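Just so you know, these numbers come straight off a predicted model, no measurement behind them.
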Amino acid sequence: MAEPVPEVIEDDQYLRVPMPAGEVEIIGNTVHLPGHGPVALAPGPMSVMRALTKAQGAVISREDLLWLLPQCGSSHGLEMWVSRLRQALPDSAVVQTVVKRGYRLAL
């Protein structure tokens, strides 16, 4: 029997996704990670966080992230948003770089 896919609950300002380490919740511009308090994010890093959260731990390539986030503009812009996201989170290892593949949430 196939394992059920976790439910993703989302609207314009609210996203909740169960992950192996606990639930990730995004409310407006604030992200709540398992074991940590709320963290407010700037719009660019929040866009990356939303995309990675929706992927539920799967790797998203840089090309796919640029397609999902056209407002980012370039590979350099995406790298800056990922860097700022890591700096803002209580544990920078939450956002993993998967060499030659892309990024994922490590939860």
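Here the side chain of Arg104 pairs no donor or acceptor atom with the backbone of Ala58 at under 3.5 angstrom. Using a distance-only test at 3.5 Å, with no hydrogens or angles considered, a donor-acceptor pair links the side chain of Ser47 to the main chain of Pro43. Remark: the backbone N or O of Val95 is paired with a side-chain donor or acceptor of Arg86 at under 3.5 angstrom.
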Evaluate the criterion side-chain contact (heavy atoms from CB on, under 4.5 Å) for residue pair Met46 and Ile26; output intermediate values, then yes/no. CA-CA 9 Å; Met46 179 54 82; Ile26 296 174; 3.7 Å; yes
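Of all the heavy atoms in Arg50 and Tyr14, the pair that sits closest is NH2-N, 4.4 Å. Residues Ser74 and Leu66 come closest through the heavy atom pair O-CD2, 3.3 Å. In plain terms, the two heavy atoms of Ala21 and Pro34 that are nearest each other are O-CB, 3.5 Å. Counting all heavy atoms, side chain and backbone alike, Ala93 lies closest to Ala106 at O-CB, 3.7 Å. Closest approach of Ser61 and Asp64 over heavy atoms only: OG-N, 3.0 Å.
Two residues are said to be in side-chain contact when any heavy atoms from C-beta on lie closer than 4.5 Å; Val31 and Leu15 fail this criterion. The shortest side-chain heavy-atom distance between Arg62 and Thr97 falls under the 4.5 Å cut-off. At least one side-chain heavy atom of Met49 sits under 4.5 Å from a side-chain heavy atom of Leu33.
Linking Ile, Leu, Val, Met, Phe, Trp and Tyr whenever their side-chain heavy atoms come within less than 4.5 Å leaves Leu105 and Val59 in two separate clusters. In the hydrophobic clustering of this structure, Trp81 groups with Leu89; members are Ile, Leu, Val, Met, Phe, Trp, Tyr whose side-chain heavy atoms approach within less than 4.5 Å, directly or through other members. By the rule that hydrophobic residues join a cluster once side-chain heavy atoms approach within less than 4.5 Å of another member, Leu68 and Met80 end up as members of separate clusters. Under a hydrophobic-cluster definition in which Ile, Leu, Val, Met, Phe, Trp and Tyr are linked whenever side-chain heavy atoms come within less than 4.5 Å, directly or via other members, Leu52 and Trp67 are assigned to the same cluster.
Between the CD atom in Gln87 and the OG atom in Ser83 there is a gap of 4.0 Å [rounded to 0.5 Å].
For the side-chain contact (heavy atoms from CB on, under 4.5 Å) with Tyr103, the lone residue among Val82, Ile60, Val48 that qualifies is Val82.
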